[in-house]
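What follows is a single structure, written as structure tokens, with notes after it.
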Amino acid sequence: MTTTSAKARAMDNIAVGVVLAIFLLAIYLSFGYGFRARLVPIVVASFGVIVLVAQLVLQNLKSGASLDINVLELISRGAAEEVEPVVGAPGAKVRTPEDGGALGRKWVREFLGIALVLVFLGVFIVLGPLPAIFLFMATYLATSRYAGVLRALAYAAATVLAIHIVFTVWLGVDLDIGLVKIIPQDWL
Amino acid sequence: MLDALTAGLGLLLSWDVLIYATLGIVYGIVIGILPGLGGIVALALLLPFTWGMEFAPAMSLLLGAHIATIWGSSVTSILFRVPGAAKSVALIFDGYPMTVRGEASRALGASAMAALLGGVIGAVFLAAAIPITRPVMLAFGPAEYLMFALWGLTIIAAFSDGSLLKGLAAAVLGLLTAFIGMDIVTATPRFTFGSIHLMDGVSFPVAMIGMFAIAEMIKLFVRGRSLIQRDVNAQTSSVLDGVRDTMKHWGLVVRSSLLGLWIGVLPGIGGSVGSIAAYAQALRTSKHPETFGKGNVEGVIAPDATLGANEGGGLLPTLALGIPGGEGMALILVAFVGLGIVPGPTMMTDHLDLVFALVWIVALGSIITGVIGLCVSPFLAKVPSLNNNIIIPLILSICFIGAYADRGLVSDVVVAVAFGIIGFLMDKFQFSRATFVIGMVLALMIERNFHLSLSLYGPWFIVERPVALGMLVAIIVTTAWPFFSNRRRDRKLRGVVGTDTPASGDRKS
């Protein structure tokens, strides 16, 4: 087993472990409810525990490929058998040492992707929807080199205007919120 | 029945329905053309807008957008060899070679016309199936509906990508998420951790926005491919050539549409399987199979007709049983609930006019999509590139505003972001999001029918209801069968490797 696939397997085990912990927590919490209220959640969560324990055992004892079930392939097996792929055939996934580097870069981008959304959420909560959208959009467009600073600002302003017309004017949604609004005006 | 058919049409005879349908369709085509954004993202973003709307305008907006995204994603496959959604992959095989040959207009024309005809055939089938399905649906009791819901979940889990066990776990996770909030049977707050915000449960539209739209934006960011380009060749044919091709191959259109209907009715299989199956049958029945993969228009007509008809088929289990065939229909189901309509057997008795209104909307949506598609195809054929960079900030902004506007709560934006991250991680570790969502949607039906079955037939209700027992056996068989089949295949492969090894050893010696 290569280091990369061992890492992927470890990550998979952690993911399954987290979901398993959620199911166990659900069972534990359900015991605090009345019989009728807990009946279905306990049955459902217990089934989930059984399924995930089986997954955890099988994914560590068997190859991932043998757990991946392609029902379409099973249905059309008669036709598929004629062109059964062979190891080393074109299209077969082969891990290369470079994959480790690509995997590392992917992790950074994944982290950045999640961080991007969280930062936008933070700005949204603090400044309120419209200023946050203006700031986020202008910054994103300028830094991604989709547009120059002036064009990015113009696109952001147009988006904010469109959102204001649709949500505030047409739908009557109050967008004048944000933590900044609760700061006393004489502090600013 | 005829009264309901005309009453359904009557609901659509207003300007606002036509305007909302057209708006939804234009929006759907744009979203569909943008790679990475499928019909689910389009529906998730529209859901908050439908709250408080009348049934007919809301459904024409949603179904119009849903139908149009399918054709929109075909456009990207044909022009750029990048599928707008997984279900449009089959369009690449012959659509893109036609584009390279300078026949993009013809391919788009054939695609739009096939989708139009497929959609209309789907609507006609749906209308014809309702009188047949109605008495059958009414004969079932809560025990059978419970089994239907469980069967739907397990089938969808089986058809999800990756491990079946993970698919089932995702369904369980979806069910448990839907249990958050006040229990409708006992009025007990469950899994709320004392939070008042969670008393009402997790808002479906907010969760859908996070699970699909925000998660897809994170995926798009991670993928990082922002610009898709192509060389624009001089056009050697027109959209009308494509329309003529489709009319000439009417038999293929009918066959593919019927295939799409059948696949739509079966839960979980979805359009991606349907379009590939349609392509395969077109190849098998064509007089020129040798030209497939090199730009045969039949390879464009068949998948698009199937995808067009698929929606009509998919609506049948959604309306009759309250069991969505896929995540798109799950979102339509969420919209029903938001509009105060509970799909299932009562839909067939109390709201038959609404059922037929939906049939008309599918037909109308397909026709408008086809007409708009034919009108814009000559212009689309000249589009040289698509840039994804504007999509991420724009869609994220709409997601955040949409989540907030649902109930006017900032906490809903936090919930949407949480679901976005969960959705992204689920996708990464191959826990099916479709199964999760369908689990969430079916949770109420499962719990209510379980309690009703216990009250009506006692704890051994499964044994007392032979149809429910038969369905339980079917659930066990259909869930276990892929495992056994896989095991048999593994053993066979090991046998092949075992017999091959000495042979290769012989060669060496």
Side-chain angles (χ1 to χ4, degrees), chain A residues 11-12 15-16 19 22-23 26 29-30 33-34 36-41 44-45 47-48 51-52 54-55 58-59 64 66-69 71-72 74 77 79 106 109-110 112-114 116-118 120-121 124-125 129 132-133 136-137 140-141 144-146 155 159 163 167 171 173-175 177, chain B residues 49 158-159 161-166 168-169 172-173 175-176 179 183 185-186 188 190-191 214 217-219 221-222 224 226 269 273 276 387 389-390 392-394 396-398 400-401 404-405 408 410 413-414 417 420-421 424-425 428-429 431 446-447 450-451 481-483 485-487 489-490:
Chain A
M11 289 308 298
D12 228 14
V16 172
V19 181
I22 294 171
F23 292 166
L29 291 172
S30 297
Y33 313 136
R36 282 171 74 86
R38 73 175 177 230
L39 186 57
V40 178
V44 166
F47 175 72
V51 160
L52 279 186
Q55 170 72 29
L58 290 174
Q59 78 182 15
S66 62
L67 279 175
D68 291 354
I69 287 163
V71 179
L72 179 66
L74 293 178
R77 184 156 288 169
K106 199 179 171 201
R109 279 199 78 80
E110 283 169 353
L112 283 174
I114 293 172
L116 179 87
V117 174
L118 289 175
F120 186 23
L121 175 67
F124 190 95
I125 292 171
I133 288 170
F136 177 70
M137 190 125 187
Y140 191 96
L141 293 180
S144 67
R145 293 185 197 151
Y146 177 81
Y155 283 142
T159 307
I163 287 174
F167 285 90
L171 295 174
V173 179
D174 177 23
L175 296 180
I177 53 155
Chain B
F49 291 96
F159 275 95
D161 284 341
S163 160
L164 167 61
L165 292 174
K166 280 188 179 177
L168 291 172
V172 170
L173 206 55
L175 288 165
L176 290 176
F179 293 148
D183 170 27
V185 181
T186 60
T188 309
R190 294 185 299 194
F191 311 123
I214 294 179
M217 290 309 103
I218 300 175
K219 270 175 73 184
F221 180 84
V222 172
S226 57
I269 302 181
V273 174
I276 299 278
N387 196 327
N389 261 338
I390 190 139
I392 296 172
L394 189 66
L396 273 181
S397 301
I398 297 170
F400 278 39
I401 286 282
Y404 170 74
V410 178
V413 185
V414 179
V417 168
I421 296 169
F424 172 72
L425 293 174
K428 181 176 163 57
F429 292 106
F431 283 89
I446 288 173
E447 188 164 30
F450 182 74
H451 283 298
W481 171 63
F483 280 107
S485 199
N486 245 22
R487 227 182 121 125
R489 183 194 62 182
D490 288 352

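Note that these values count all heavy atoms, side chains included, but never hydrogens, waters or copies made by symmetry. Every chain is numbered from 1 and lettered A, B, ... according to where its sequence line falls, protein lines coming before strand lines.
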### Query
Which pair of non-hydrogen atoms, one from A/Ala26 and one from B/Leu176, has the smallest distance, and what is that distance?
CB-CD1, 3.9 Å

### Query
What closest approach, in Å, do A/Ala37 and B/Thr186 show between heavy atoms, and which atom pair accounts for it?
CB-OG1, 3.4 Å

### Query
Between A/Arg109 (side chain) and B/Phe221 (backbone), is there a donor-acceptor pair under 3.5 Å?
yes

Which atoms of [X] approach chain A - backbone, side chain, both or neither, heavy atom under 4.5 Å:
X        : result
B/Leu394 : both
B/Lys166 : both
B/Phe191 : both
B/Tyr404 : side chain
B/Ser397 : both
B/Ile421 : side chain
B/Val410 : side chain
B/Leu173 : both

### Query
Which is it for A/Ile125 and B/Val414 under the side chain to side chain contact (heavy atoms under 4.5 Å, CB included) test, yes or no, and what are the steps along the way?
CA-CA 9 Å; A/Ile125 292 171; B/Val414 179; 4.1 Å; yes

### Pairs of heavy atoms under 4.5 Å with chain A: top-ranked of B/Leu425, B/Val413, B/Leu175
B/Val413

### Task
Heavy atoms only, distances under 4.5 angstrom: which of B/Ile446, B/Asp183, B/Ile392, B/Ile214 has the most pairs with chain A? Name it, please.
B/Ile392

### Query
If you count heavy-atom pairs under 4.5 Å between each of A/Leu121, A/Val173, A/Leu29 and chain B, which one has the most?
A/Leu121

### Query
chain B: which of A/Phe47, A/Tyr155, A/Phe136, A/Tyr140 shares the most heavy-atom pairs with it under 4.5 Å?
A/Tyr140

### Task
Quick one: do A/Leu116 and B/Leu396 satisfy side chain to side chain contact (heavy atoms under 4.5 Å, CB included)? Show the steps, please.
CA-CA 10 Å; A/Leu116 179 87; B/Leu396 273 181; 4.3 Å; yes

### Query
Does any non-hydrogen side-chain atom of A/Pro41 lie less than 4.5 Å from one of B/Glu447?
yes

### Query
So how far is it from A/Phe167 CZ to B/Ile401 CD1, rounded to the nearest 0.5 Å?
6.0 Å

### Task
Calculate, to the nearest 0.5 Å, the distance between atoms CZ and CZ belonging to A/Arg38 and B/Phe179 respectively.
15.0 Å

### Message
Students often mix this up, so state it plainly: with edges at 30° and 60°, are the rings of B/Phe400 and A/Phe120 parallel, tilted or perpendicular?
### Response
parallel

What part of [X] gets closer than 4.5 Å to chain B, counting heavy atoms only: side chain, backbone, both or neither?
X        : result
A/Leu141 : side chain
A/Val44  : both
A/Ile163 : side chain
A/Thr159 : side chain

### Task
Might you work through the side chain to side chain contact (heavy atoms under 4.5 Å, CB included) test for B/Ile390 and A/Met137, ending with a clear yes or no?
CA-CA 8 Å; B/Ile390 190 139; A/Met137 190 125 187; 4.3 Å; yes

### Query
Stepwise, does the side chain to side chain contact (heavy atoms under 4.5 Å, CB included) test hold for B/Phe429 with A/Val16?
CA-CA 9 Å; B/Phe429 292 106; A/Val16 172; over 6 Å; no

